[in-house]
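Along the sequence shown, residues carry numbers from 1.
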Amino acid sequence: MRILKHRWLDEADVRRALDDAALQRLEQRVAASERRHSGEIRLCVEAGLPLSYLWQRLSARNRAIALFGKLRVWDTEHNNGVLIYLLLAERAIEIVADRGIDRHVGPDQWQQLLAPMRQAFAAGRFEDGLNQAVDMLDALLVKHFPLAQGQNNPNELSDHIDLR
């Protein structure tokens with residue numbers, strides 16, 4: 001059944017969950033957040049896992065870790081990139097953080113961040129859940145990687161939401 005669920009959904013389902021206006025609002029929210037700290041936030045929304053992941057019975061977490069590398073979220077000056085991954089087929093959310101931010105945030109704190117997002121996704125409120133994720137990460141990144149007055153902060157990663 002898992003294979004059918006993942007193969008049934010495609011990018012059109014992603015577009016129904018997050019229309020163009022929602023995507024634009026989320027991208028603007030990420031950009032606004034990144035003006036407050038030196039961290040980088042990437043959002044990725046995928047309809048279903050690739051068939052190779054399904055055959056190997058890999059999880060959403062495995063896919064998020066692979067996309068963390070593929071999207072080069074690890075490639076930031078301060079090692080403070082964070083990937084927020086949403087898998088529609090399972091309404092699963094994963095956060096993968098680079099070692100710079102991960103050393104400041106413990107596993108329990110990451111789980112606390114995930115709980116309200118999971119509730120929003122279970123209810124089909126995808127934009128709300130992703131907004132919550134960006135806001136929560138913004139607070140963490142401002143706390144641990146604030147920008148000094150007048151500090152230049154180049155945008156190291158695209159703010160565009162990766163849709164799959």
Chemist: Applying the side-chain contact (heavy atoms from CB on, under 4.5 Å) test to Met136, which of Ile84, Leu113, Leu114 qualifies?
Modeler: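 Among Ile84, Leu113, Leu114, the one that satisfies the side-chain contact (heavy atoms from CB on, under 4.5 Å) with Met136 is Leu113.
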Chemist: Under a 4.5 Å cut-off applied to non-hydrogen side-chain atoms, are Glu46 and Pro50 in contact?
Modeler: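 SC-SC contact between Glu46 and Pro50 confirmed.
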Chemist: Between atom NZ of Lys5 and atom CG of Leu49, what is the distance when rounded to the nearest 0.5 Å?
Modeler: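 CG of Leu49 is found 10.5 Å from NZ of Lys5.
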Chemist: Identify whether Trp8 and Leu87 are in the same connected component of the hydrophobic contact network (ILVMFWY, side-chain heavy atoms under 4.5 Å).
Modeler: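 Result: no, two separate clusters.
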Chemist: Take Phe126 and Val45 through the test side chain to side chain contact (heavy atoms under 4.5 Å, CB included) and record every step on the way to the result.
Modeler: CA-CA 10 Å; Phe126 301 107; Val45 180; over 6 Å; no
Chemist: Answer yes or no: is there an ion pair linking Glu90 with Arg2, defined by an N-O contact shorter than 4.0 Å?
Modeler: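 A salt bridge is present here (some side-chain N lies under 4.0 Å from a carboxylate O).
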Chemist: Evaluate the side chain to side chain contact (heavy atoms under 4.5 Å, CB included) criterion for residues Arg164 and Leu67: first the C-alpha distance (whole Å), next the side-chain angles of each, then the deciding distance (0.1 Å), finally the verdict.
Modeler: CA-CA 11 Å; Arg164 295 176 179 265; Leu67 288 170; 3.5 Å; yes
Chemist: If I take atom CZ from residue Arg16 and atom CG from residue Leu9, how far apart are they, to the nearest 0.5 angstrom?
Modeler: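 Here the rounded value is 8.5 Å.
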Chemist: Tell me whether Glu77 at atom CD has more than 12 heavy atoms from other residues, nucleotides or ligands lying less than 6.0 Å away.
Modeler: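 For Glu77, atom CD is not crowded (no more than 12 foreign heavy atoms under 6.0 Å).
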Chemist: Give a yes or no answer on whether the side chain of Arg35 reaches the backbone of Val30 with a donor-acceptor pair at less than 3.5 Å.
Modeler: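 Absent.
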Chemist: Let me check something: do Leu147 and Ile41 share a hydrophobic cluster, defined by ILVMFWY side-chain heavy atoms less than 4.5 Å apart, either directly or through other members?
Modeler: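 Hydrophobic grouping puts Leu147 apart from Ile41.
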Chemist: Distance-only check: which donor-acceptor pairs under 3.5 Å involve side-chain atoms of residues 93-106, not counting sequence neighbours?
Modeler:
residue, atom, partner, partner atom, Å
Glu94, OE1, Arg61, NH1, 3.4
Arg99, NH2, Asn79, OD1, 3.4
Asp102, OD1, Trp110, NE1, 2.9

Chemist: Apply the side chain to side chain donor-acceptor pair (under 3.5 Å) test between Asn131 and each candidate in Arg125, Arg29, Arg25; give the one that qualifies.
Modeler: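 Answer after filtering Arg125, Arg29, Arg25: Arg29.
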Chemist: Could you tell me whether a side-chain N or O of Glu11 sits under 3.5 Å from a main-chain N or O of Ala47, the two making a donor and an acceptor?
Modeler: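 Side chain of Glu11 to backbone of Ala47: no pair is present.
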Chemist: Indicate if Val14 and Leu26 have the same hydrophobic cluster label, given that clusters are the connected sets of ILVMFWY residues with side-chain heavy-atom separations under 4.5 angstrom.
Modeler: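 In one cluster: yes.
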Chemist: Does one side chain, of Glu40 or His78, offer a donor that lies under 3.5 Å from an acceptor on the other?
Modeler: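 No, no side-chain donor-acceptor pair sits under 3.5 Å.
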Chemist: Taking all heavy atoms of Ala92 and all of Ala60, pick out the closest pair and write down the distance.
Modeler: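 That would be CB-CB, 4.0 Å.
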Chemist: For the pair Arg36 (side chain) and Val142 (backbone), establish whether a donor and an acceptor sit closer than 3.5 Å, ignoring hydrogens and angles.
Modeler: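 Looks like no, no N/O pair under 3.5 Å.
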Chemist: Kindly give the heavy-atom pair with the smallest separation between Leu141 and Gly39, and that separation in Å.
Modeler: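 Looking at all heavy atoms of both residues, the closest pair is CD2-CA, 4.1 Å.
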Chemist: Looking only at atom types and distance, does a side-chain atom of Arg42 sit under 3.5 Å from a main-chain N or O of Val73, one as donor and one as acceptor?
Modeler: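 Looks like no, no N/O pair under 3.5 Å.
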Chemist: Answer yes or no: is there a side-chain heavy-atom contact under 4.5 Å between Met1 and His6?
Modeler: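 Met1 does not reach His6 side chain to side chain.
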Chemist: Just wondering, do Leu83 and Ile65 contact through their side chains at under 4.5 Å, heavy atoms?
Modeler: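 They are not in contact (no side-chain heavy atoms under 4.5 Å apart), so the answer is no.
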Chemist: If you measure from the Lys or Arg side-chain nitrogens to the Asp or Glu carboxylate oxygens, is any gap between Arg15 and Asp13 under 4.0 Å?
Modeler: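 Result for this pair is no, no salt bridge flagged.
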Chemist: For the pair His37 (side chain) and Phe145 (backbone), establish whether a donor and an acceptor sit closer than 3.5 Å, ignoring hydrogens and angles.
Modeler: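 Absent.
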Chemist: Run the side chain to side chain contact (heavy atoms under 4.5 Å, CB included) test on Ser33 and Leu137 for me, step by step, so that the C-alpha distance in whole Å, both residues' side-chain angles and the decisive distance to 0.1 Å come before the verdict.
Modeler: CA-CA 9 Å; Ser33 169; Leu137 283 174; over 6 Å; no
Chemist: Does the side chain of Asp135 reach to within under 4.5 Å of the side chain of Gln132, using non-hydrogen atoms?
Modeler: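 The answer is no; the side chains never approach within 4.5 Å.
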Chemist: Taking side chain as C-beta onward, heavy atoms only, is Phe121 less than 4.5 Å from Gln119?
Modeler: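 No, side chains not in contact.
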Chemist: Taking the cut-offs as 6.0 angstrom to the six-membered ring centre and 45 degrees off its axis, would you call Arg63 and Tyr53 a cation-pi pair?
Modeler: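 Judged by the rule (NZ or CZ under 6.0 Å from the ring centre, within 45° of its axis), Arg63 counts as positioned above Tyr53.
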Chemist: Drop me the distance from Leu23's CG to Leu130's CG, to the nearest 0.5 angstrom.
Modeler: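 Spacing of CG (Leu23) from CG (Leu130) equals 9.5 Å.
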Chemist: Side-chain contact test, heavy atoms from C-beta onward, threshold under 4.5 Å: evaluate it for Leu71 versus Cys44 and give yes or no.
Modeler: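 Contact flag for Leu71/Cys44 side chains = yes.
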Chemist: Determine the minimum heavy-atom distance between Ala123 and Arg91, stating which atoms define it.
Modeler: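 Reported closest heavy-atom pair: C-NH1, 4.1 Å.
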Chemist: Taking Ser59's backbone N and O only, do any of them form a donor-acceptor pair with Asn62's side chain (distance below 3.5 Å, no angle check)?
Modeler: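 At least one qualifying donor-acceptor pair exists.
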Chemist: With side chains defined as the heavy atoms from C-beta onward, is the minimum distance between Trp55 and Ile3 less than 4.5 Å?
Modeler: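 Side-chain contact under 4.5 Å: yes.
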Chemist: Is the backbone of Asp20 close enough, under 3.5 Å, to the side chain of Gln24 for a donor and an acceptor to pair up by distance?
Modeler: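 Checking the backbone N and O of Asp20 against the side chain of Gln24, no donor-acceptor pair under 3.5 Å is found.
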Chemist: Can you list every pair that meets side-chain hydrogen bond (donor to acceptor under 3.5 Å, both in side chains) and has a residue in residues 140-157, with sequence neighbours left out?
Modeler: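 Pairs touching residues 140-157 that pass the test: Asn155-Asp159.
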Chemist: Start with the C-alpha gap between His160 and Leu43, add the side-chain angles, then the distance that decides, and say whether side chain to side chain contact (heavy atoms under 4.5 Å, CB included) holds.
Modeler: CA-CA 8 Å; His160 180 72; Leu43 299 177; over 6 Å; no
Chemist: Any chance you could measure Trp74, atom CH2, to Leu157, atom CG, to the nearest 0.5 Å?
Modeler: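 Those atoms lie 10.0 Å apart.
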Chemist: Do Leu18 and Met117 belong together in a cluster built from hydrophobic side chains that touch within less than 4.5 Å?
Modeler: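 Linked within one cluster.
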